[in-house]
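The figures that follow rest on heavy atoms only: side chains count, while hydrogens, waters and symmetry mates do not. Chain A is the first sequence line, chain B the second, and so forth, proteins listed ahead of strands; every chain is numbered from 1.
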Number of protein chains: 2
Amino acid sequence: MQFERGATVFVAGMPGSPWRVVDGLVRLDREGLEGPEFGGLARVGDVIGAETMMFDRYTYTAVALLPLTIEAWCHGTAGEREQGLLLALARSERRMADVLALRGGRAAERIRRLFGFIAGAMGSRDADAPCIPMPRLRDIADITGLQVETVSRTISQLSEHGEIAPRARRYVQLNYAPE
Amino acid sequence: MQFERGATVFVAGMPGSPWRVVDGLVRLDREGLEGPEFGGLARVGDVIGAETMMFDRYTYTAVALLPLTIEAWCHGTAGEREQGLLLALARSERRMADVLALRGGRAAERIRRLFGFIAGAMGSRDADAPCIPMPRLRDIADITGLQVETVSRTISQLSEHGEIAPRARRYVQLNYAPE
DNA sequence: CGACTATTTGACCCTTCTCAAATCGGGTGG
DNA sequence: CCACCCGATTTGAGAAGGGTCAAATAGTCG
């Protein structure tokens with residue numbers, strides 16, 4: 001299954017099944033009191049929508065932040081299922097710490113880390129100076145806990161300092177080592 | 001197994017086995033470049049150290065933020081194990097969103113939410129005006145992404161506004177509905 | 001009692017938030 | 001193909017919330 005940037009993969013409350021991210025980056029939101037609120041990221045190898053195996057319905061809404069490929073997450077024998085679940089659990093905990101780190105420190109650090117994270121999610125072509133697609137500023141803001149205006153200004157600064165260089169429309173090259 | 005506030009439950013890199021939190025709240029840290037960095041929370045019902053089932057060693061260091069009780073997380077038949085893992089995974093994802101929410105918004109909101117979260121972790125005695133033990137300011141600061149001084153000042157303000165009321169040493173009563 | 005750590009408080013400054021408005025794209029219907 | 005609309009991005013100015021540094025207090029544990 002393929003999705004383009006901004007496409008909704010599934011919606012909280014709808015019935016469905018689990019998927020594994022093959023390529024790209026997914027934003028997960030849960031329904032808060034004041035509309036949807038950012039609730040996590042999923043990256044290459046991560047499983048999304050595993051809760052459908054218990055509740056039949058998605059708990060989160062998943063939106064592609066980058067061009068995305070996913071595949072059905074089906075697991076064979078009981079033993080394989082168990083291994084798969086264990087791995088998914090370990091990855092989920094790892095992700096929690098990763099995403100948390102994106103909300104600490106100065107604005108510039110947060111965005112630098114997020115871009116590094118995206119570079120990591122892209123399958124590490126060009127480990128030196130990876131070129132990554134940029135999510136919408138609105139998404140960057142939600143993820144990092146900053147305001148859109150701050151994100152805009154900070155990205156301009158990073159660009160002036162030469163840490164990133166705009167490439168094609170909505171693509172930037174990182175001039176620092178990601179992660 | 002019982003631990004008191006501040007006690008270390010296990011340390012990243014040591015061999016061990018998984019546990020389930022029966023009562024209390026656990027802080028998880030992973031080893032970052034600059035020493036340990038906050039990497040998540042675990043609450044009543046959550047499983048910690050599940051990664052030992054794959055790697056034999058803990059990935060995170062776990063410290064009790066409140067008086068803590070845990071039990072060995074052993075699972076019976078293959079089917080029970082699978083259900084247990086599914087539940088643990090769903091809870092882990094839920095926790096990710098919870099903890100993320102503790103790092104967004106104003107300082108006062110973050111701390112209000114954290115206290116509400118702790119109240120929820122306490123087994124909901126006194127749903128109206130729950131009385132909760134306070135973690136160290138240092139821990140509150142790490143979790144919310146604020147500075148210790150800001151936490152101190154903000155708690156004073158909440159107290160002046162009557163939203164919380166100091167009880168015994170290191171215990172506060174919440175005068176608002178948690179979560 | 002004494003060494004240490006945790007918490008509080010003050011002063012000052014910087015980063016980020018807010019509110020407003022201009023600009024830029026992309027897409028649509030004439 | 002062009003005029004127009006609407007969401008996304010940029011930019012500015014000003015206010016404020018937190019961060020930072022310093023120092024005083026209050027607890028804790030031997």
Side-chain angles (χ1 to χ4, degrees), chain A residues 4-8 27 34-38 63-67 102-115 132-161 163-172, chain B residues 4-8 27 34-38 63-67 102-115 132-161 163-172:
Chain A
E4 43 185 47
R5 199 184 83 137
T8 299
R27 165 185 174 161
E34 305 155 7
E37 67 176 11
F38 175 62
V63 175
L65 289 183
L66 307 177
L102 296 174
R103 282 190 170 220
R106 287 283 144 69
E109 287 176 61
R110 299 190 197 187
I111 290 178
R112 227 181 280 126
R113 277 199 289 259
L114 174 59
F115 284 179
I132 63 166
M134 274 227 314
R136 293 176 355 205
L137 295 198
R138 166 88 262 135
D139 288 315
I140 297 178
D142 290 343
I143 294 169
T144 56
L146 300 168
Q147 294 304 120
V148 179
E149 296 94 325
T150 304
V151 173
S152 174
R153 279 185 257 262
T154 306
I155 289 180
S156 299
Q157 286 168 20
L158 290 176
S159 199
E160 285 168 18
H161 289 249
E163 303 199 58
I164 63 178
R167 286 292 179 190
R169 167 140 285 285
R170 279 170 177 159
Y171 277 80
V172 288
Chain B
E4 43 186 47
R5 199 183 84 136
T8 299
R27 165 184 174 162
E34 306 156 6
E37 68 176 9
F38 175 62
V63 174
L65 289 183
L66 306 176
L102 296 175
R103 281 189 171 221
R106 289 280 144 68
E109 287 175 63
R110 298 190 196 188
I111 290 178
R112 226 182 279 127
R113 276 199 288 259
L114 174 57
F115 284 179
I132 64 165
M134 273 225 319
R136 295 178 351 207
L137 295 197
R138 165 88 264 135
D139 288 315
I140 297 178
D142 289 344
I143 294 169
T144 56
L146 300 168
Q147 294 302 120
V148 179
E149 296 93 325
T150 304
V151 173
S152 173
R153 278 185 257 263
T154 306
I155 289 180
S156 299
Q157 287 168 20
L158 289 177
S159 199
E160 285 167 18
H161 289 223
E163 302 199 60
I164 64 178
R167 285 293 180 188
R169 166 140 286 287
R170 278 173 178 157
Y171 277 81
V172 287

Peer 1: Less than 4.5 Å apart, side chain to side chain, heavy atoms only: is that true for A/Leu137 and A/Ile155?
Peer 2: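 A/Leu137 vs A/Ile155: side chains touch.
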Peer 1: Roughly how far, to the nearest 0.5 Å, is CG of B/Leu158 from CZ of B/Arg153?
Peer 2: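 Nearest 0.5 Å value for the CZ-CG distance: 14.0 Å.
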Peer 1: What is the separation between atom CG on A/Leu137 and atom P on C/dG25, rounded to the nearest whole Å?
Peer 2: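 Going from CG in A/Leu137 over to P in C/dG25 covers 13 Å.
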Peer 1: Considering only side-chain heavy atoms of A/Arg169, which listed nucleotide, C/dG25, C/dT16, C/dT8, is closest?
Peer 2: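 The nucleotide sitting nearest to the side chain is C/dG25.
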Peer 1: Determine the contact category for B/Arg153: base if any of its heavy atoms lies under 4.0 Å from a base atom, sugar-phosphate if only primed atoms, P, OP1 or OP2 are that close, otherwise nothing.
Peer 2: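 Base, at least one base atom sits under 4.0 Å.
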Peer 1: Rounding to a whole Å, what distance do you find between B/Asp139:CG and C/dT5:C1'?
Peer 2: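 For the pair B/Asp139 CG and C/dT5 C1', the rounded distance is 13 Å.
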Peer 1: Grab the CD1-C1' distance between B/Ile140 and C/dT8 for me, whole Å please.
Peer 2: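 Taking atom C1' of C/dT8 as the reference, CD1 of B/Ile140 is at 14 Å.
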Peer 1: Would you classify A/Gly6 as touching base, sugar-phosphate or nothing, given that sugar-phosphate means primed atoms plus P, OP1 and OP2, and contacts are heavy atoms under 4.0 Å?
Peer 2: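 A/Gly6: no heavy atom of the nucleic acid under 4.0 Å.
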Peer 1: Can you measure B/Glu160 atom CD to C/dT9 atom C1' for me and round it to whole angstrom units?
Peer 2: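 In whole Å, C/dT9 C1' and B/Glu160 CD are 12 Å from each other.
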Peer 1: Could you give the start and end, 5' to 3', of the contact zone on DNA chain D for chain B, using atoms under 4.0 Å from its heavy atoms?
Peer 2: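 Reading along DNA chain D, I get D/dG17 to D/dT28.
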Peer 1: Rounded to whole Å, how long is the line connecting atom CZ of B/Arg106 with atom C1' of C/dC17?
Peer 2: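 The answer, rounded to whole Å, is 7 Å.
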Peer 1: For B/Ile111 and C/dT7, what is the distance between atoms CD1 and P respectively, to the nearest whole Å?
Peer 2: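 That distance rounds to 12 Å.
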Peer 1: Would you please confirm or rule out a distance under 4.0 Å between OP1 or OP2 of C/dG26 and any side-chain N or O of A/Arg170?
Peer 2: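 Looking at the OP1 and OP2 atoms of C/dG26, neither is under 4.0 Å from any side-chain N or O of A/Arg170.
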